Protein chains: 2
Amino acid sequence: MDEYNQLFKALNILEEDLQEEIIKVAELQTVPKNTFIVVQDKYIKWLAIVISGKVRVWQEDGDRQILLYYVNPIQTCVLSLSATFKDCKSSVNAKTIEETTIIKIPVRFASTWSFKYFSWNKFTSNSFIFSYEDLLHSFKNLAFNKNDKRLLDYLKSQRKKTQSSIIPISHSQLAKEIGTTREVVSKILKQFELSGIVNLKFKQIELL
Amino acid sequence: MDEYNQLFKALNILEEDLQEEIIKVAELQTVPKNTFIVVQDKYIKWLAIVISGKVRVWQEDGDRQILLYYVNPIQTCVLSLSATFKDCKSSVNAKTIEETTIIKIPVRFASTWSFKYFSWNKFTSNSFIFSYEDLLHSFKNLAFNKNDKRLLDYLKSQRKKTQSSIIPISHSQLAKEIGTTREVVSKILKQFELSGIVNLKFKQIELL
DNA sequence: ATTTAACTGTATCAAAAGGTACAAGTTGGA
DNA sequence: TCCAACTTGTACCTTTTGATACAGTTAAAT
């Protein structure tokens with residue numbers, strides 16, 4: 001029950017009717033690390049809201065991947081929000097990267113609520129807006145910046161997020177974040193090291 | 001007045017209250033070809049809905065551009081929709097590519113309507129969903145496909161849209177659609193011609 | 001008809017990206 | 001301790017992309 005209150009507070013859901021509806025139809029679930037929440041080309045049946053933990057959302061093509069975003073606590077995956085309004089297949093993958101607690105709401109409810117409850121309306125619009133702006137930014141970045149710049153930007157954003165100059169990640173994972181191959185990442189990182197920008201250790205990159 | 005009725009019909013706006021509100025606060029405007037509707041980094045003050053004509057929406061960086069989408073009649077630019085809900089600067093440009101009639105609605109109204117009127121709620125959600133899916137598709141395409149494939153895809157989509165195998169466009173404009181340079185486009189097209197995929201004329205490409 | 005501006009073709013070079021292949025290092029568990 | 005799986009470094013080569021430069025073409029305007 002605590003998780004629901006967390007959700008209500010975070011989304012500013014004051015309507016008691018909505019609170020009741022959510023509790024009635026939602027399903028609280030704690031899933032282990034590395035569990036798929038959404039799989040590319042499969043239908044989405046639930047709107048998932050992350051309460052604790054973290055979910056990675058990406059697109060893939062063959063053995064290449066590119067990160068779309070991470071879903072943090074009290075966020076939802078916009079893609080499942082889309083499905084909420086229009087029955088559709090997912091064009092992304094989503095997987096927990098640590099043990100994660102989610103609240104699952106059947107998609108048919110979530111869309112009617114957006115007209116019925118003001119707080120839900122705000123929540124969905126805000127999610128869409130935030131995510132759209134975010135994706136736009138990623139698109140522009142991908143269109144106009146080379147891999148080295150995008151890699152460095154990624155490292156810097158990680159440093160900012162975690163408040164630590166040491167980023168624990170393998171070259172191949174890094175490649176899957178920025179949408180290239182492991183070899184390319186290794187080469188760029190080696191260049192960065194020679195330029196004194198980073199310090200390389202096993203599965204660990206220190207930004208200087 | 002005819003334009004408003006067109007709008008109401010297309011968006012299935014049956015609520016008389018909403019019709020009145022729209023007529024009261026909106027502004028009908030016909031703008032010539034090549035007029036900027038939205039400029040990157042400027043604040044958006046209006047939600048623009050295209051009634052007739054066509055608007056091109058793109059991002060740019062230096063002298064490079066990449067197409068985001070075209071806004072066709074009875075569509076809105078999602079970006080201006082974002083601004084509707086959250087006062088923000090535009091991260092895109094939008095310009096008419098033919099004489100275009102738009103209905104402009106001050107952003108502060110558009111967001112309140114989404115909770116007040118069901119048809120408006122549907123309109124905004126649908127716009128977001130459609131645009132998000134579209135951008136996701138473009139992102140994936142950009143991440144995993146080379147210029148030649150993206151160029152060919154663009155030509156094919158144009159053929160489908162216009163129902164004509166002859167696509168009237170210059171190499172430099174094509175470069176601005178797919179996010180590369182004129183020379184690259186010229187080289188790729190020449191390859192296509194040698195492979196018998198296209199027929200090249202001045203400012204005109206025929207898909208075979 | 002002539003000028004002008006935009007468009008196209010191409011050659012050359014350089015940089016970026018990626019694929020293959022293999023050696024060597026690191027870790028975690030059997 | 002030792003093996004298996006994963007990780008990293010790198011050499012070599014190819015393709016893709018992009019930048020520069022210039023010549024020739026086409027269309028539109030005066």
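Per chain, numbering begins at 1; letters A, B, ... match sequence-line order. From a predicted model like this one, the values you see are computed outputs, not experimental measurements. The figures that follow rest on heavy atoms only: side chains count, while hydrogens, waters and symmetry mates do not.
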Enquirer: Output the distance between atom CG (B:Leu136) and atom CZ (A:Phe139), rounded to the nearest 0.5 Å.
Expert: 11.0 Å

Enquirer: Could you tabulate the donor-acceptor pairs under 3.5 Å formed by side-chain atoms of residues 158-168 of chain A, not counting sequence neighbours?
Expert:
unit_1   : atom_1 : unit_2   : atom_2 : d
A:Thr162 : OG1    : A:Gln158 : O      : 2.9
A:Thr162 : OG1    : A:Ser164 : N      : 3.4
A:Gln163 : NE2    : A:Lys160 : O      : 3.2
A:Ser164 : OG     : A:Ile166 : N      : 3.1
A:Ser164 : OG     : A:Ile166 : O      : 3.3

Enquirer: If you look at every heavy atom in B:Asn141 and B:Arg150, which pair is closest and at what distance?
Expert: O-CD, 3.4 Å

Enquirer: To the nearest 0.5 Å, tell me how far B:Glu27 CD sits from B:Trp46 CH2.
Expert: 4.0 Å

Enquirer: So, taking the atom named NZ in A:Lys149 and the one named OH in A:Tyr154, what distance separates them when rounded to the nearest 0.5 Å?
Expert: 15.5 Å

Enquirer: To the nearest 0.5 angstrom, please state how far the CG atom of B:Asp153 sits from the CD1 atom of B:Ile178.
Expert: 10.0 Å

Enquirer: Less than 3.5 Å apart, which donor and acceptor atoms pair up between the side chains of residues 192-208 of chain A and the rest of the protein, not counting sequence neighbours?
Expert:
unit_1   : atom_1 : unit_2   : atom_2 : d
A:Glu193 : OE1    : A:Lys190 : NZ     : 2.8
A:Glu193 : OE2    : A:Leu200 : N      : 3.4
A:Ser195 : OG     : A:Gln191 : O      : 2.8

Enquirer: Below 4.0 angstrom, which residues in residues 144-151 of chain B have at least one non-hydrogen atom near DNA chain D?
Expert: B:Lys146, B:Asn147

Enquirer: Taking all non-hydrogen atoms of both residues, which atom of B:His171 and which atom of B:Ser186 are closest, and how far apart?
Expert: ND1-OG, 2.9 Å

Enquirer: Taking the side chain as everything from C-beta on, heavy atoms only, tell me whether A:Lys104 gets closer than 4.5 Å to A:Ile102.
Expert: yes

Enquirer: Could you report the tightest heavy-atom contact between B:Leu28 and B:Tyr4, atom names first, then the distance?
Expert: N-OH, 3.8 Å

Enquirer: Any N/O pairs under 3.5 Å between the protein and nucleotides 4-11 of chain D? List them or say none.
Expert:
unit_1 : atom_1 : unit_2   : atom_2 : d
D:dT8  : OP1    : A:Lys203 : N      : 2.7
D:dT8  : OP2    : A:His171 : N      : 2.7
D:dG9  : N7     : A:Arg182 : NH1    : 3.1
D:dG9  : O6     : A:Arg182 : NH2    : 3.0

Enquirer: As an exercise, state the distance from CD1 of B:Ile97 to OH of B:Tyr70, rounded to the nearest 0.5 Å.
Expert: 5.0 Å

Enquirer: So which heavy atom on B:Trp58 is nearest to which on B:Ile66, and how close?
Expert: CB-O, 3.2 Å

Enquirer: Angle, rounded to 10°, between the helical axes spanning five pairs at each terminus of the helix from C:dA1-D:dT30 to C:dA30-D:dT1?
Expert: 30°

Enquirer: Shoot me the first and last contacting nucleotide of DNA chain C against chain B, ordered 5' to 3', at under 4.0 angstrom to non-hydrogen atoms.
Expert: C:dC7 to C:dG18

